[in-house]
Amino acid sequence: QVQLVESGGGSVQAGGALRLSCTASGLTFATYAMGWFRQAPGKEREGVSCISWRSSTYYGDSVKGRFTISRDNAKNTLYLQMNSLKPEDTAIYYCAAVKPYVSGPYCQRGEVDYWGQGTQVTVSS
């Protein structure tokens, strides 16, 4: 029923840029806080960036100033613009539908209602 489909991943050199997209269906997109999470080999899945239903944003310390999250409710689509990529950004990136109407701290994997399948981002030196 609920489907989150990511696109835009790939392989780039350090300093490069990528834009990830996530198209959602089967839920009331405009009411949901959405987010991007990532998981590198041997590491825990972590919140990268989240955006509330009113477009308030959160960024993890490691990506602040380099990544920008945005949403287009008319298209049911979430975006993550990633600039100045570093090898440490290498991971599988997951789109997440977190919770509807939340306004407090929520960009944590335990809060997520639905996950996408993920898209691989690889950054080489």
Side-chain angles (χ1 to χ4, degrees):
Q1 185 181 8
V2 174
Q3 190 172 14
L4 306 174
V5 180
E6 302 100 333
S7 62
S11 182
V12 298
Q13 294 189 55
L18 288 170
R19 187 172 73 166
L20 306 183
S21 299
C22 169
T23 299
S25 60
L27 78 166
T28 306
F29 182 82
T31 72
Y32 259 85
M34 301 291 297
W36 292 97
F37 292 70
R38 69 186 182 188
Q39 188 164 22
K43 299 182 69 175
E44 193 171 298
R45 191 174 298 186
E46 64 175 346
V48 176
S49 182
C50 292
I51 183 167
S52 78
W53 71 300
R54 292 304 193 195
S55 293
S56 298
T57 57
Y58 160 85
Y59 296 96
D61 288 342
S62 65
V63 307
K64 193 171 185 178
R66 299 187 296 123
F67 292 9
T68 303
I69 192 169
S70 61
R71 65 192 297 159
D72 186 338
N73 289 341
K75 296 181 178 179
N76 284 3
T77 301
L78 177 74
Y79 303 97
L80 185 68
Q81 179 67 48
M82 304 186 293
N83 297 328
S84 302
L85 283 161
K86 304 174 180 179
E88 67 191 53
D89 296 318
T90 295
I92 300 174
Y93 283 70
Y94 297 91
C95 178
V98 185
K99 289 280 189 298
Y101 303 119
V102 292
S103 59
Y106 59 84
C107 203
Q108 303 176 55
R109 64 175 302 169
E111 300 295 319
V112 173
D113 280 352
Y114 305 104
W115 295 100
Q117 293 298 107
T119 185
Q120 178 71 48
V121 171
T122 302
V123 185
S124 60
S125 300

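Owing to the predicted nature of the structure, the values given are computational and were not obtained by experimental measurement.
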Legend entry - Linked, directly or transitively: Val98 and Leu78 (ILVMFWY side chains, under 4.5 Å): no
Inset, instruction - Would you verify whether the NZ or CZ of Arg109 falls within 45 degrees of the ring axis of Phe37 while also being under 6.0 Å from that six-membered ring's centre? - result: no
Closest non-hydrogen atom pair, [X] against [Y]:
X	Y	result
Ile51	Ser70	CD1-CA, 4.0 Å
Ala30	Trp53	O-CB, 3.4 Å
Gly116	Tyr94	O-CD2, 3.6 Å
Leu27	Ala97	CD1-CB, 3.7 Å
Glu6	Tyr93	OE2-O, 4.0 Å
Ser56	Tyr106	O-OH, 3.9 Å

Hey, could you give me the [atom1]/[atom2] distance between [X] and [Y], rounded to the nearest 0.5 Å?
X	Y	atom1	atom2	value
Cys107	Glu46	SG	CD	10.0 Å
Ser25	Gln1	OG	CD	9.5 Å
Thr31	Asn73	OG1	CG	9.5 Å
Arg38	Ile92	CZ	CD1	13.0 Å
Tyr59	Cys50	OH	SG	10.5 Å
Tyr79	Cys95	OH	SG	11.5 Å

Counting only pairs under 3.5 Å, give me each side-chain donor-acceptor contact of residues 12-23, with atom names and distances, residues two or more places apart or in other chains.
none

Inset, instruction - Please examine the side chains of Arg66 and Met82, heavy atoms only from C-beta on, and report whether any two atoms are closer than 4.5 Å. - result: no
Legend entry - Residue pairs fulfilling side-chain hydrogen bond (donor to acceptor under 3.5 Å, both in side chains) with at least one residue in residues 113-122, sequence neighbours excluded: Tyr32-Asp113, Lys99-Asp113, Gln120-Thr122
Inset, instruction - For side-chain contact (heavy atoms from CB on, under 4.5 Å), just list the numbers for Tyr58 and Ser49, CA-CA rounded to whole Å, side-chain angles, deciding distance to a tenth of an Å, and then say yes or no. - result: CA-CA 5 Å; Tyr58 160 85; Ser49 182; 5.5 Å; no
Legend entry - For Val63, the option from Asn83, Thr68, Leu80, Val48 that meets side chain to side chain contact (heavy atoms under 4.5 Å, CB included): Val48
Legend entry - Side-chain (Arg71) to main-chain (Ala33) donor-acceptor, under 3.5 angstrom: no
